[in-house]
Amino acid sequence: MRLAQPRDAARMAALDADASPYPWSASQYRPACTGLASNPERGLMLERGPELLGFIVFAQVLDEASIHNIVVAVSARRQGFGAQLLEAVLAELARNQVRCCQLEVRRSNTAARRLYAALGFSVDGTRRNYYPLPGGREDAILMSRDI
Ligand SMILES: CC(C)(COP(=O)(O)OP(=O)(O)OC[C@H]1O[C@@H](n2cnc3c(N)ncnc32)[C@H](O)[C@@H]1OP(=O)(O)O)[C@@H](O)C(=O)NCCC(=O)NCCS
């Protein structure tokens, strides 16, 4: 596992395009790959040799943090890699004396909601019709956990 570098944005977008129904573009991933102090977003990459298994994007501002995305390659799912990425971020946040971590997830995303619940996140509320869907909109479920 290692921090994302500028050259990783295109690989993250390519993995996401294969793995998610609503992928981010390379330009959306680029800020997490800069490592600039002025930008709080960071990416953690999980690799096995040359293969990218997955990654997570998160941000810390003072004593609060948020998970912005987590993606595991379709062929690598249900092997604990998503949990490994999330646990690595939670451990880093604990080292940084972060108090709380929050996130938003589509209501229909059962896999991600179960992953977050398994790692101690609980539901705080709902943002109605937050995400676009083909032909409609979908609620965001707001989740958080203390660190
Ligand atoms: C969500 C995602 C990252 C999970 O990655 P993963 O590596 O398969 O997850 P793990 O193997 O670490 O699973 C850990 C736990 O999460 C839950 N979980 C993960 N996938 C699940 C699924 N498809 N159905 C039900 N529970 C699931 C289970 O509790 C699982 O523990 P278990 O396997 O012992 O039952 C992956 O499905 C993914 O990349 N989805 C597309 C991108 C996405 O939607 N990201 C979230 C954006 S908010």
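What you see is a predicted model; the values in this text were computed from it and never measured. Start at 1 and go down the list; that is how both ligands and their atoms are numbered.
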**Q** Please report the interatomic distance CZ(F81) to CG(L53), rounded to the nearest 0.5 Å.
**A**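 Reported value, rounded in 0.5 Å steps: 5.0 Å.
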
**Q** Check whether any N or O atom of V72, backbone or side chain, sits under 3.5 Å from an N or O atom of ligand 1, and answer yes or no.
**A**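 Yes - when backbone and side-chain N and O of V72 are compared with those of ligand 1, one distance drops under 3.5 Å.
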
**Q** Less than 3.5 Å between some nitrogen or oxygen of A19 and one of ligand 1, yes or no?
**A**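 Min N/O separation from ligand 1 is not below 3.5 Å for A19.
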
**Q** Taking non-hydrogen atoms only, is D16 closer than 4.0 angstrom to ligand 1 via side chain, backbone, both or neither?
**A**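 Answer for D16: neither.
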
**Q** Identify whether the distance between the nearest side-chain nitrogen and carboxylate oxygen of E138 and R106 falls below 4.0 Å.
**A**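 Answer for the salt bridge query: yes.
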
**Q** Would you check whether T110 reaches within less than 4.0 Å of ligand 1, judged by its heavy atoms?
**A**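 Flag not set, T110 not near ligand 1.
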
**Q** Just go through H68, R77, R78, M143 and tell me whose heavy atom is the nearest to atom 32 (P) of ligand 1.
**A**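 The residue whose heavy atom sits nearest atom 32 (P) of ligand 1 is R78.
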
**Q** Answer yes or no: is there an ion pair linking D124 with R145, defined by an N-O contact shorter than 4.0 Å?
**A**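 A salt bridge is absent here (no side-chain N lies under 4.0 Å from a carboxylate O).
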
**Q** Between R127 (side chain only) and D139 (backbone N and O only), is there a donor and an acceptor less than 3.5 Å apart?
**A**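 Such a contact is absent between R127 side chain and D139 backbone.
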
**Q** Is it the side chain (CB and beyond), the backbone, both or neither of Y116 that lies under 4.0 Å from ligand 1, heavy atoms counted?
**A**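 Just the side chain.
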
**Q** As a check for students: among V74, I70, L115, identify the option with a heavy atom nearest to atom 43 (C) of ligand 1.
**A**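 The residue whose heavy atom sits nearest atom 43 (C) of ligand 1 is I70.
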
**Q** If the threshold is 4.0 Å, N to carboxylate O, is there a salt bridge linking R11 and E47?
**A**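 So R11 pairs with E47 through a salt bridge.
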
**Q** How close do A19 and V72 get, counting heavy atoms only, and between which atoms?
**A**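 Shortest heavy-atom separation between A19 and V72 comes out as CB-O, 3.8 Å.
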
**Q** Does Q79 approach ligand 1 within less than 4.0 angstrom via side chain, backbone, both or neither, non-hydrogen atoms only?
**A**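 The backbone, only.
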
